[in-house]
Amino acid sequence: MTVKATVAVGLCLGLGLVATRCRFHLSFGKLLRLAMLIAVTLWLVELAVLWTTCRQPLCGANWTGGEPGPVPSQWDPVLGKMSPLVVASLPGSGSEILEHLFANSTDFLYVRLPMEETGAAEMDPFLDACEWKGSDAQQGRYRLVQGWLQSLVHGTKLHLQNVPMHPGTRGDTTGDNPGGSPDKKRKTRRKVSSADRRYRENVERNADEVHQLRRHLASYPNARVVLSLSSGAWTLKLPFIQGVLGASTRTMLVVRDPRAWVHSLLFNSKPSLYSLSNMPRRLTSLFQRDAAEACSPPSAYAVEFERHKRYFSSSSKNVVALLAHLWLANTEAAMRVNGRLSAATYLLLKFEDIINRPEEAAEKVYTFLGFPLPPAVLNRILFTTSTNLFHLPFEGEVSPSNLHVWRDRMSQQDISTIEDICWSVMAQLGYSRVTS
């Protein structure tokens, strides 16, 4: 209707100008100037009407006498900016690729924490079977963890300033055995020197990342915080995190095909991530402790882990089946616990979707956050997933061409074992079987 009305007004004005030219014998130049004068007059009238009636900020300017516009649902009044995003996953699930959606962006501050940083000494950095609820935050439980999370998100600048930047040494142990032989002392010295060098390299790398975060935050103080938690202990604690950081906090859980996850832990590097993470000790601690010893209160122990204790206590267990039970227990519990969150504040994302359909996955994430997907971000994620530039720790490059490398490197028996154990949840997530 607006278009038709505009066309009608234009025709009427045109006919009026033609009639005026014929009646007063005006030249075409004068008629054109008259038309321009009418157009400018109408534009000034429209501007005056907008100036007196507009009640919303326009182009960042605050109109005097106007009422403030509606507060967006993702606006955090405590932070004075958009609410944060918290990402959780099991180690080895590939959540690191999300860095290419948020890093080097003026809208986001991407903070990825190492697996060892959990804010609580009682939590196993790899995996924890205790589920924390939003009511735990309201009742004041786990105060140290609450303060740690609030420092990361609400006081990011101060938190980064307090991060130590000078690498120290891990101590010299060569003098612990003064009566040892010279050869043993030299070997011990070489081992300590190598370990200390790796330690220094890690600290220097972390210090460089902290420097970059400080510079980014200084340039863009209102950037939205994206907190990526590498520790698998947080997969059952997203409701608690939302209770601590605010109801508008966005949470995301990244899951991966159990066959690829088991392959990444056991077969994709030497030494394997299974050995480097000391998984036998972790699993013993996870499954052999009772609920009262593992969690406080005992009712917080996820029932899904209780079901799989029987397999761990059996004498016929093998490593592949044990890890499959571990993936099933954690993923099943995470889907139950986090499924209670509102769909507007919780997103479940499959790692394979990011690799196979990066444009669709990126659109899904940015729509969930209420942002349009910038073309630069889309180009970066497309380039990353199609050129083997993305590397997972202990796994190497990942792309659509080698996403299912586990099919060739794992035996059919191992694949069938994982599918038989995990199929109930695999089917819900949309994965398909490759064995009959």
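The pair Arg336-Glu131 meets the salt-bridge criterion, with a side-chain N (NZ, NE, NH1 or NH2) lying under 4.0 Å from an Asp/Glu carboxylate O.
The two residues Thr385 and Pro358 come nearest to each other via the heavy atoms OG1-CG, 3.5 Å. The heavy-atom pair separating Ser89 from Thr235 by the smallest distance is C-CG2, 3.7 Å. Shown here for Thr345 and Ala247, the closest heavy-atom pair between the two residues is CG2-O, 3.8 Å. Across all non-hydrogen atoms, the minimal contact from Ala233 to Asp128 is CB-CB, 3.7 Å. Of all the heavy atoms in Ala343 and Phe368, the pair that sits closest is O-CE1, 4.0 Å. Nearest heavy atom pair, residue Ala361 against residue Asp353, reads CB-O, 3.9 Å.
You'll find the side chain of Trp132 stays beyond 4.5 Å of the side chain of Ile241, heavy atoms only. Proximity of Leu266 to Met410: side-chain heavy atoms (C-beta onward) are nowhere separated by under 4.5 Å. Side-chain contact between Phe267 and Tyr274 is absent, with no heavy-atom pair separated by less than 4.5 Å. When side chains are defined from C-beta on, Leu109 counts as touching Leu213, because their heavy atoms get closer than 4.5 Å. At a threshold of 4.5 Å between non-hydrogen side-chain atoms, the residues Val365 and Leu349 count as touching. Side-chain contact between Ser83 and Arg224: present, with at least one pair of heavy atoms (C-beta onward) separated by less than 4.5 Å. Residues Leu101 and Ile354 are not in side-chain contact: their nearest non-hydrogen atoms beyond the backbone lie 4.5 Å or more apart. At least one side-chain heavy atom of Val244 sits less than 4.5 Å from a side-chain heavy atom of Phe240.
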Can you check side-chain contact (heavy atoms from CB on, under 4.5 Å) on Lys350 and Tyr431, steps first, answer last? CA-CA 10 Å; Lys350 291 164 54 179; Tyr431 293 113; 3.7 Å; yes
Could you walk me through whether Asp107 and Tyr366 pass the side-chain contact (heavy atoms from CB on, under 4.5 Å) check? CA-CA 11 Å; Asp107 296 321; Tyr366 268 74; 6.0 Å; no
What's the verdict on side-chain contact (heavy atoms from CB on, under 4.5 Å) for Leu369 and Phe108, showing C-alpha distance, side-chain angles and the deciding distance? CA-CA 11 Å; Leu369 295 175; Phe108 298 99; 3.9 Å; yes
What's the verdict on side-chain contact (heavy atoms from CB on, under 4.5 Å) for Tyr346 and Leu348, showing C-alpha distance, side-chain angles and the deciding distance? CA-CA 7 Å; Tyr346 169 67; Leu348 177 65; 3.9 Å; yes
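Between the side chain of Asn318 and the backbone N or O of Ala321, at least one donor-acceptor pair lies under 3.5 Å. Under a 3.5 Å cut-off, the side chain of Thr156 and the backbone N or O of Leu152 do form a donor-acceptor pair. Formation of a donor-acceptor pair under 3.5 Å by the Trp261 side chain with backbone atoms of Pro91 is found in this model. Of the possible donor and acceptor atoms, none in the side chain of Thr367 sits under 3.5 Å from a partner among the backbone N and O of Lys364. No donor-acceptor distance shorter than 3.5 angstrom exists from the side chain of Glu304 to the backbone of Asn330, with no hydrogens or angles considered. The backbone N or O of Cys130 lies less than 3.5 Å from a partner atom in the side chain of Lys237, making a donor-acceptor pair. A donor-acceptor distance shorter than 3.5 angstrom exists from the side chain of Ser230 to the backbone of Leu113, with no hydrogens or angles considered. The main-chain N or O of Tyr110 is never found under 3.5 Å from a side-chain atom of Arg112 such that the two would form a donor-acceptor pair. The backbone N or O of Ala344 lies less than 3.5 Å from a partner atom in the side chain of Arg250, making a donor-acceptor pair. No donor-acceptor pair closer than 3.5 Å links the side chain of Ser416 to the backbone N or O of Gln412.
In this structure, Leu127 CG and Trp327 CH2 are separated by 13.0 Å, a value rounded to the nearest 0.5 Å. Between atom CZ of residue Phe102 and atom CD1 of residue Ile381 there is a gap of 9.5 Å, rounded to the nearest 0.5 Å. In this structure, the separation between CG on Leu98 and OG on Ser95 is 6.5 Å, given to the nearest 0.5 Å. How far CD of Glu352 is from NE2 of His404: 7.0 Å, rounded to the nearest 0.5 Å.
Relative ring orientation between His216 and Tyr220 is described as tilted, the plane-to-plane angle lying within the 30° to 60° band.
More than 12 non-hydrogen atoms from other residues, nucleotides or ligands lie less than 6.0 angstrom from CD of Gln212. Dense packing is recorded around CG of Asn356, with more than 12 heavy atoms of other residues, nucleotides or ligands lying under 6.0 Å away. No more than 12 heavy-atom neighbours from other residues, nucleotides or ligands sit within 6.0 angstrom of CZ on Arg143.
Using modelled atom types, one finds no donor on one side chain facing an acceptor on the other under 3.5 Å when comparing Arg256 with Ser93. For the residue pair Thr251/Asn338, the side-chain donor-acceptor check at 3.5 Å is not satisfied.
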When the side chains of residues 418-429 are checked against the rest of the protein, which donor-acceptor pairs come out under 3.5 Å, sequence neighbours left out?
from, atom 1, to, atom 2, distance (Å)
Glu419, OE1, Thr435, N, 3.4
Glu419, OE1, Thr435, OG1, 2.4
Glu419, OE2, Arg259, NH1, 2.7
Glu419, OE2, Val434, N, 2.9
Asp420, OD1, Arg433, NH2, 2.7
Gln428, NE2, Ser424, O, 3.4

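Under the salt bridge (Lys or Arg N to Asp or Glu O under 4.0 Å) criterion, Arg409 pairs with no residue at all, not counting sequence neighbours.
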